Amino acid sequence: MEFWILGPIEVTEGGRSLAIGGPKPRAALAALLLEANRIVSVEGLVDAIWGEQPPPSARNALQTYVSRLRRVLGTDTLCRHPAGYRLVADPDVIDAYRFERLLAEGRAALAAGNPSAGHRAVEEALALWLGPALLDVTDVPFAQAEIARLGELRLVAAETRVEAMLALGDVTGGVAAARALVADHPLRERGVAHLMLALYRDGRQSEALATYHEARRLLVDEFGLDPGDDLAALAQAILRQDPELLTTPTAPSAVSPTGPGTMPSPTGPTTAPPSTGPTTAPSPTGPVTPTPARSRLVLPLDRFVGRDRELDEVRRLLGTHRLVTLTGPGGSGKTRLAREVCRRLPQPVQVVELAGLHDAGLLEATIAQAFGLAVLSGLDAVAATVGDAEVLLLLDNCEHLTGALADVVLRLLTDLPGLRVLATSQRPLGVGGERRFPVPPLPVDTTAVELFLDRAGAVAPDWTCDPEEHEDVARICVRLDGLPLAVELAAAQMAVLSPAQILDRLGRSLAITSTRPDLPDRHRSLDRTIDNSYRLLDDAQRDLFARLSVFADTFDLDAAEVVAGAGADVLAPLTGLVTGSLVASTPAGAARRYRLLEILREYADRLLDPADRDRLRHRHLDWALGLARAADQGLRGPDALRWYRTLGAEQANTRAALAFALAADQPLAGMRLATDLSWYWYHRGHLREGVRWLRETIDAAAGAPPVDRARALTALASLLYLAGQLEESGAANRAALDLALTTDDPAPVARAYVYQAYYLAMRGRIAEAAVAGENGVRHARRSGVDWLLSEALSTNGYLARARGDLETAAATLDEAIRVGTRIGYRWSVSSSHWFRAKVAADAGAADDAYRAALTATRGLDDLEDVTGWLAALHLLAGTLGMTGRAADGAVLLGAVAGIGGRAGYSPELMDPYDSPREVAAVASALSPTAYARARAVGETMDRAAVRAFVDRLADPPPPPG
């Protein structure tokens, strides 16, 4: 377990962030960490959290906070003591203690003449900082002194780092590091001295002196003071080009951690002194250079892969909009895309990298530096420099500064008519006229695979991807949602693992890391990348982000409120998550849907404690049950198409709910959910899936109430019938009927009788089938459920036709159509037209059969039905053969075989009585070659092509004569 206070307060275990609660628990933890391994009294903790005037309930609230922390940290780590509490931890697992140790080691190594060891130590120390110390409790009085102390030590570490760089002869790096220090702390003389010395050693004497004069001006303006003697002496030494500035003393002199003290002469190789004589330093307030220098656009050395559409779209947007912001989660490739766009543009580009800038007060100066202006210049100087010139400004990694950037960017765009701004940020800047471009993940089956192969080739040059491994690579990219950083991190594992091994590890965890030294720290692991995004959230957004992990795929606002919000309004925090790119928003008809990338969903899930996770999954199951119950009715009404699409969008969630019901010993809930989903599975052709879920839940819910088991067994029988497994269907339905007859509910009895009638008719037992069908109608009328009556009447019409009573069949089917039409039950109406076509064909009325089959086909197609539509299409093919258009019929038979084969459904197995006649009506009118050729055309068609083909069919030709 590790503790982090150099930035947001956090506790991690095995790289996973633990849930430690909101502001008050964090304040308690911070107080305990600052006194680690020492007892902190209850009164001390109360004062730390609430100050001098705690509420009456403070002690009770503290006990709650500490109890929660003890559950997370363990009672051995956070110990209760009669005098208070003690947090027991090795100092090295607390980042602040580790930082101080490393800083001391670094300074000691530098003083001992070992700058290499000193540099390593202070670099490691500075890498521990993830933001201002104790970021979550900056407003708590007890933390102020420690924040100031640690902040001062951070500056000392940064200054020591510059000293080590200069001692190692890294003059260029020393200049950059010292300049950053002076930009943040322009009145700190020690940093100014470092920058002056670094510039002088880099052959930039005039800039070194200009740095001194700028510091002197600021000191005079702010405090009426002149620089200290040491800084003034250094300036004089630079003016006279003192050789001592370029020599190495035998022992570096000590430097005070809080002031310039005696400047050491860094060791190591040096650059030659400037060849020119002493010059007068330029005044920092002198005239501004009229033309800004073009920034160096730093591009990675590896190949830019894909993104042609995105490149074109961003360039197009920049042509018509002055502010374009590329948004997306961390690791989505915003920076790489933006820099590639800039590389391909003709106008000058100024680049401002903001990832390392955390002080919004330095924004103007940082932007001014990008235009080649002096440190601490402002936007007025930028405007004077740029004027009306056509310039592109790239603001990279803006998400943590969006509030301050909005004002700055607005001023720039107002003052500079030729300026365009391209920004990369996880959230938009919020400036009027801003055009947001969400950077999408890479297509997982093409570009993501190409990226993986390219990056894998860099670490495994002898590896050749064979077809089997190519499949594994594609699955890796799917698992990683096509997120570029994730794909690159996974590809880096090819140095030691095969694609199959990587895929196996990803199946257990997405915790992949990289050791590449050129990557920024935030991009060396997925967790670190997401950590940076997570820290930008407020408490409400963090809570919702964790709770949304319960959804398996997309979800809508209502579901988010019911499941993650426990009925509360979640629009505000959800909006923050969407604008912060942690939740994706996807258009879906009239209402939007939302989704967490799998990588983000797994991270969010780890934020939940087991009790919260279990509670959320039960709530998710309850929501799925309500949804399926409403859909079971809605699919049989005028709004059926919306319900089909809703359940289609929720498939991943309903599957997750079914799996949880079985795993959580909730078999009755699982069986009810599967039963209510069965009608969707029936019409969408998900037969194998539906049969599997129903069998598993029925077996698990052996003690369920008879009415529930009867409904589930009837649902199972219907899917088995559709799959052509007639014997198994009959057995399941007989068991359903026996159970239904023991209840007082006529509806399950009616359904069971309807399916028994089908089964008996398929077995040639027509008289028994007729009795079952009449019982079905009788119980359907008793139930008062019109959709059930429409189905029962439709079945009875089919049975009358099977008995040869075509007149009764037609009348009964017409009544079924009337009932179904009255309630908007389009599936039953279309099915009755399907039976009507069979009756007409039996009567020799081929044209009427064709028209009825066409009506059924189009009605079921409008519903986006799969199984019924294929059955109607098969019958339509037969009627085409009967009306002299056998070639068209053969095309449709081929389409039924092709689409049905992919869906796992065959009308010929489901309807062995009529299907042979329909095939014969087509095949008998064509030669074997012509039949095969036309059928082959149909086998290549998708649904859209079949729909267009059916729409082109003409009415049947008039009879001859």
Side-chain angles (χ1 to χ4, degrees), residues 758 761 766 773 790-822 825-863 865 867-893 895-896 907-908 910-926 946-947 949-961:
Y758 272 124
I766 304 302
S790 180
E791 286 188 12
L793 288 168
S794 187
T795 301
N796 264 20
Y798 165 75
L799 295 173
R801 176 236 172 182
R803 296 194 305 271
D805 187 353
L806 301 185
E807 184 177 349
T808 300
T812 307
L813 290 168
D814 287 344
E815 184 183 359
I817 290 170
R818 285 195 299 274
V819 173
T821 301
R822 185 177 71 246
Y825 190 10
R826 287 184 286 170
W827 180 86
S828 182
V829 170
S830 296
S831 294
S832 296
H833 279 294
W834 182 62
F835 285 138
R836 206 67 172 80
K838 292 175 180 286
V839 171
D842 289 350
D847 293 346
D848 291 341
Y850 167 76
R851 279 188 284 266
L854 186 61
T855 299
T857 300
R858 285 176 168 161
L860 292 165
D861 191 27
D862 288 343
L863 283 175
D865 184 282
T867 56
W869 175 71
L870 287 171
L873 206 63
H874 196 281
L875 176 58
L876 180 62
T879 62
L880 284 168
M882 297 172 196
T883 55
R885 288 174 290 176
D888 289 341
V891 171
L892 291 186
L893 288 177
V896 170
E908 296 179 19
M910 183 274 295
D911 187 11
Y913 181 76
D914 288 317
S915 288
R917 180 179 70 170
E918 293 158 9
V919 173
V922 175
S924 63
L926 298 170
V946 173
R947 183 181 299 119
F949 185 86
V950 170
D951 287 343
R952 289 195 298 271
L953 292 174
D955 288 333

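Keep in mind that this is a model prediction, so the values were computed, not measured.
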Practice task
Using a 4.5 Å cut-off on heavy atoms from C-beta on, say whether the side chain of Arg917 contacts that of Asp842.
Solution key: yes

Problem - Atom pair CG (Asp951) and CG (Leu854), whose distance is rounded to the nearest 0.5 Å - result: 8.5 Å

Fill in the blank from the handout: Between the NZ atom in Lys838 and the OH atom in Tyr913, the distance rounded to the nearest 0.5 Å is 9.5 Å

Problem - Distance in Å, Leu863 CG paired with Trp869 CH2, rounded so as to fall on 0.5 Å steps - result: 13.0 Å

Exercise for the section: State plainly whether the residues Asp865 and Arg826 are in salt-bridge range, i.e. N to O under 4.0 Å. Expected result: no

Completion exercise
Rounded to the nearest 0.5 angstrom, the CG-CG distance for Leu806 and Leu813 is 10.5 Å

Handout entry: Interatomic spacing from OH in Tyr850 to CG in Leu880 - rounded to 0.5 Å
Key = 5.5 Å

Exercise for the section: Under the side-chain contact (heavy atoms from CB on, under 4.5 Å) rule, what do His874 and Trp834 come out as? Steps first, then yes or no, please. Expected result: CA-CA 10 Å; His874 196 281; Trp834 182 62; over 6 Å; no

Practice task
Look up atom CD in Glu918 and atom CG in Leu873, then write down how far apart they are to the nearest 0.5 Å.
Solution key: 10.5 Å

Problem - Carboxylate-amine/guanidinium contact Asp861 Arg858, below 4.0 Å - result: no

Handout entry: Closest non-hydrogen atom pair, Leu876 against Ala853
Key = CA-CB, 3.9 Å

Practice task
Using a strict 4.0 Å threshold on nitrogen-to-oxygen distance, state whether Arg836 and Asp814 make a salt bridge.
Solution key: yes

Problem - Sub-4.5 Å side-chain heavy-atom contact between Val896 and Leu893 - result: no

Handout entry: Heavy-atom closest contact (Val922 atom, Ala877 atom, distance)
Key = CG2-O, 3.2 Å

